[in-house]
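For ligands, and for the atoms within them, numbers begin at 1 and follow the listed sequence. These values consider heavy atoms only, across backbone and side chains, with no hydrogens, waters or symmetry-generated copies.
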Amino acid sequence: MAQQEPVTSTVEDGVAVIRIANPPVNALSAAVRGGLLRAAQAAGADPAVRAVVVAAEGRTFIAGADISELGKPPVPPSLPEAIAALESLLKPVVAAINGAALGGGLEVALGCHARVAAPAAKLGLPEVKLGILPGAGGTQRLPRLIGAVPALKLMVAGDPVGATEAKSLRIVDEVADDVLSAAKALALRLADKGRPTPTSARQDTGERDAFEAAAAAMLKKGADNPSIAACVDAVRATFDKPFDEGMSVERAHFLRLRDDPRSKALRHVFFAERAAARIPGLPKGTRPRPVAKAAVIGGGTMGGGIAMSFANAGIPVTLIETSEENLQRGLERVAGNYATSVKRGSLTEEARDKRMGLIEGKVGLEAAAGADVVVEAVFEEMGLKKEIFGKLQEIAKPGAVLATNTSYLDVDEIAASTARPGDVLGMHFFSPANVMKLLEVVRGKETSPDALATAVELGRKLAKVPVVSGVCYGFIGNRMLARRTAQAERLLIEGAMPEEVDAALNAFGFRMGPFAMSDLAGLDIGWRIRQATGKKAPVADALVEAGRLGQKTKRGYYDYSGDGRTGTPDPEVRAVIERVSAEQGVTRRAIPQDEILERLLFPMINEGARILEEGIAARAGDIDTVWLNGYGWPAGTGGPMFHADSIGLPRIVARLRDFAAASGDESLQPAALLVRLAEEGGSFAALDEKAAA
Ligand code: 3HC
Ligand code: NAI
């Protein structure tokens with residue numbers, strides 16, 4: 001069957017309707033750009049055409065440039081050329097924005113002479129999130145349409161606005177349910193009145209001083225983001241340069257940023273997050289089970305946040321505790337979290353009331369009876385979890401998905417405590433569960449395909465980024481984290497101080513280093529795990545024994561006696577560390593920052609390779625997605641496995657061998673997969689591509 005043309009044109013009542021149909025989201029591929037250009041020329045030449053409407057099929061208008069084409073050699077025509085062809089028509093051109101108009105999609109609409117949007121449409125310039133800037137006239141036309149300050153704000157934030165806000169900002173002229181009819185009618189009215197002045201021909205973009213003040217504030221806040229500086233520079237050109245020169249400024253920034261490794265990494269992040277939602281090996285036709293009602297067992301730190309996640313997504317949830325007192329404490333914490341959001345202005349009181357209304361507190365497991373999904377978040381104790389899943393077998397309704405939020409425990413062992421192990425899986429949320437995006441969905445050996453599909457789909461509904469993990473100690477994220485934690489401790493013993501180790505990771509882009517993080521979470525958490533597993537961490541253990549549990553005791557790896565939240569290096573900690581070094585017979589040495597970084601990151605990458613070769617993660621991109629969304633890995637480096645490719649796998653193999661030889665720690669020897677890829681000249685990205693093909 002011949003492939004359908006992605007751009008078609010029909011003349012209806014004197015209006016040429018140019019329709020874009022390039023599923024799934026009408027991205028502006030070369031074929032779409034070429035189609036738009038030809039359709040604009042044809043409409044211009046056809047005497048039967050009085051006006052033009054640009055419309056799109058499907059649920060979006062245009063989601064922007066085809067992101068997968070950004071890394072490839074450009075194919076003409078360029079998007080700016082296609083847009084110029086529309087804008088330069090002497091007949092009025094109206095955009096009928098039926099859904100998302102993002103990036104290049106909004107830029108197409110800005111090249112039209114007027115815009116009509118559906119009430120549910122979203123309009124925005126998200127390019128900064130991909131490490132670039134709007135590259136098809138957005139930085140030049142939007143300021144000329146709505147003023148430089150609001151335009152800059154929109155492109156620096158990168159978040160879309162709804163149709164009503166777009167109307168009040170004057171981005172769109174009308175909001176209408178039937179966008180196509182409204183756009184046609186507007187186009188004909190404009191044909192009668194005469195075509196409006198194209199946006200590119202306007203010159204007033206507002207007050208220069210106000211722009212400079214707003215720009216300075218944005219540059220300060222986003223000092224480490226080259227896209228923001230580029231947006232400011234390009235928008236500034238609208239004050240003192242004609243349109244065409246401004247376009248050249250924009251183009252130069254666009255090409256430079258597009259070719260920068262940072263943008264390549266951010267594009268990888270975009271596709272990796274979406275690929276993670278595809279579960280490999282699911283039988284065709286597997287359907288997620290419907291989820292109308294949820295229950296969460298345990299109203300502690302995690303349970304409360306998980307219940308909030310359900311309520312935030314509009315799913316009624318029962319929060320279950322062992323006593324009225326515990327239940328009230330849990331509900332109060334939830335209410336407190338919502339109150340903070342209301343106070344900050346990020347949540348209205350009505351929305352708060354609605355969400356609180358969806359959370360019902362109950363004592364006793366029987367309250368899980370009506371739920372389609374039950375998430376257990378009680379203490380991290382195997383015996384307790386088994387007891388609960390054993391009871392759930394009787395209580396939960398048939399077909400309910402039974403999930404555990406365990407951080408480390410064996411999901412298969414938990415599943416074996418019920419007669420319906422096919423319904424059991426892990427739903428591992430991250431703290432604070434109402435905020436953190438990551439959801440590890442742990443697939444047990446008996447987990448049924450539709451239970452798995454339900455958890456992944458539910459994760460998306462909860463606005464999380466779900467990633468499937470196999471069963472192993474710590475799953476994907478915590479298993480890799482354990483490697484970093486061990487090396488961080490080892491670095492202290494060999495000669496570094498906590499502030500040096502944290503500074504190395506801060507310089508790489510993590511907002512928090514391992515020791516600041518540990519102080520925030522509490523040193524007792526790791527201590528309890530070590531007690532249970534018989535492991536030792538001499539420095540951490542000594543600090544716990546000295547009562548230094550972190551911020552909550554005002555002393556941990558740092559001293560918090562000031563405001564309670566800002567840590568400063570503490571001589572007492574230095575003394576503890578030096579004592580441990582001496583006890584271990586280690587001669588301390590100065591460790592350079594780049595060595596600290598390699599020592600922290602390469603063993604994690606190595607563990608990631610093992611996780612991949614064992615099939616615990618299906619793709620390297622899944623591992624990146626876990627670290628980006630659950631552990632604050634800086635997005636501009638694409639995640640641990642993408643970063644490994646960027647460094648070059650042979651170097652990582654060589655350094656791991658150095659570390660293993662120097663320490664005698666055989667677990668630092670490079671994983672077989674890492675060695676093979678390095679020898680073959682392969683990469684994790686190529687491995688993923690092969691798996692997807
Ligand atoms: N290019 C290529 N593929 C895209 C795409 C794009 N711009 N936008 C979405 N897709 C793909 C996704 O990869 C996904 O593919 P898959 O099914 O194979 O995984 C599919 O379309 C559906 O996407 P989502 O899963 O994200 O669908 P949603 O319904 O959740 O969201 C959306 C739809 C809001 C449009 C969202 O996809 C989105 O935000 N897209 C990207 C928007 C964007 O960043 N645009 C700017 C591009 S850069 C640009 O325009 C430069 C210009 O200035 C020159
Ligand atoms: P928590 O100690 O704050 O809360 C546990 C709650 O479970 C308590 O309120 C307790 O009263 C309740 N509970 C105990 N037995 C119960 C029962 N039979 N029925 C109903 N409620 C019961 O613990 P937290 O931190 O919320 O952890 C819960 C689970 O989540 C653990 O498995 C933990 O490993 C995991 N987890 C914890 C994270 C964290 O950062 N705290 C992150 C991700 C997972």
- Find all atoms of ligand 1 within a distance of less than 4.0 Å from any non-hydrogen atom belonging to Pro24, and give their numbers and elements.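 So the atoms of ligand 1 that pass are 20 (C), 21 (O).
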
Residues in ring pair (Phe, Tyr, Trp, His ring centres under 6.0 Å) contact with Phe642, at least two apart in sequence or another chain
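Residues passing ring pair (Phe, Tyr, Trp, His ring centres under 6.0 Å) with Phe642: His268.
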
Using the ring pair (Phe, Tyr, Trp, His ring centres under 6.0 Å) criterion, which residues pair with Phe515? Sequence neighbours excluded.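 Listed in chain order: Tyr557.
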
- request: Using the ring of Phe379 (Phe, Tyr or Trp, six-membered ring only), decide whether Arg528 places NZ or CZ under 6.0 Å from its centre and within 45 degrees of its axis.
  value: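 Cation-pi check for Arg528 and Phe379: fails.
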
* Cationic tip of Arg274 above Phe270 ring, under 6.0 Å, 45° of axis ->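 Yes, cation above the ring, under 6.0 Å and within 45°.
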
ask   = Do Phe510 and Tyr631 have ring centroids that are under 6.0 Å from one another?
value =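 Centroid distance Tyr631-Phe510: not below 6.0 Å, so no.
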
Answer yes or no for atom 45 (N) of ligand 1: protein heavy atom present at a distance under 4.0 Å?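 So atom 45 (N) of ligand 1 has protein heavy-atom neighbours under 4.0 Å.
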
Sub-4.0 Å protein heavy atom next to atom 21 (O) of ligand 1: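 Protein heavy atoms within 4.0 Å of atom 21 (O) of ligand 1 - there is at least one.
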
Please produce the table of protein N or O atoms sitting under 3.5 Å from N or O atoms belonging to ligand 2, one pair a line, distance to 0.1 Å.
| from | atom 1 | to | atom 2 | distance (Å) |
| --- | --- | --- | --- | --- |
| ligand 2 | 3 (O) | Thr301 | N | 3.0 |
| ligand 2 | 3 (O) | Thr301 | OG1 | 3.1 |
| ligand 2 | 9 (O) | Glu321 | OE2 | 2.6 |
| ligand 2 | 11 (O) | Glu321 | OE1 | 2.8 |
| ligand 2 | 11 (O) | Glu321 | OE2 | 3.2 |
| ligand 2 | 11 (O) | Asn326 | ND2 | 3.3 |
| ligand 2 | 26 (O) | Thr301 | N | 3.3 |
| ligand 2 | 26 (O) | Met302 | N | 2.8 |
| ligand 2 | 30 (O) | Asn405 | ND2 | 2.9 |
| ligand 2 | 32 (O) | Val378 | O | 3.3 |
| ligand 2 | 32 (O) | Glu380 | OE1 | 2.5 |
| ligand 2 | 32 (O) | Lys385 | NZ | 2.7 |
| ligand 2 | 34 (O) | Glu380 | OE1 | 2.8 |
| ligand 2 | 34 (O) | Ser407 | OG | 2.8 |
| ligand 2 | 36 (N) | Ser407 | OG | 3.2 |

Is it the side chain, the backbone, both or neither of Leu130 that has a heavy atom closer than 4.0 Å to ligand 1?
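Under 4.0 Å from ligand 1, Leu130 contributes side-chain atoms alone.
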
*Taking atom 53 (O) of ligand 1 as the reference point, the nearest protein heavy atom with its distance*: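 Going by distance alone, atom 53 (O) of ligand 1 is nearest to Glu127 OE2, 2.5 Å.
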
Exercise. If you measure from each heavy atom of Pro126 to ligand 1, is any distance below 4.0 Å?
Worked result: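 Yes; Pro126 lies near enough to ligand 1 that a heavy-atom distance drops under 4.0 Å.
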
- Arg274, Arg460, Arg59: member with heavy atom nearest to atom 36 (C) of ligand 1: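 Shortest heavy-atom distance from atom 36 (C) of ligand 1: Arg274.
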
Side-chain donor-acceptor contacts of residues 401-409 below 3.5 Å, not counting sequence neighbours, with atom names and distances?
| from | atom 1 | to | atom 2 | distance (Å) |
| --- | --- | --- | --- | --- |
| Thr404 | OG1 | Glu376 | OE1 | 2.5 |
| Thr404 | OG1 | Thr406 | N | 3.0 |
| Asn405 | OD1 | Phe429 | N | 2.8 |
| Thr406 | OG1 | Glu380 | OE1 | 3.0 |
| Thr406 | OG1 | Glu380 | OE2 | 2.9 |
| Thr406 | OG1 | Tyr408 | N | 3.4 |
| Thr406 | OG1 | Leu409 | N | 2.9 |

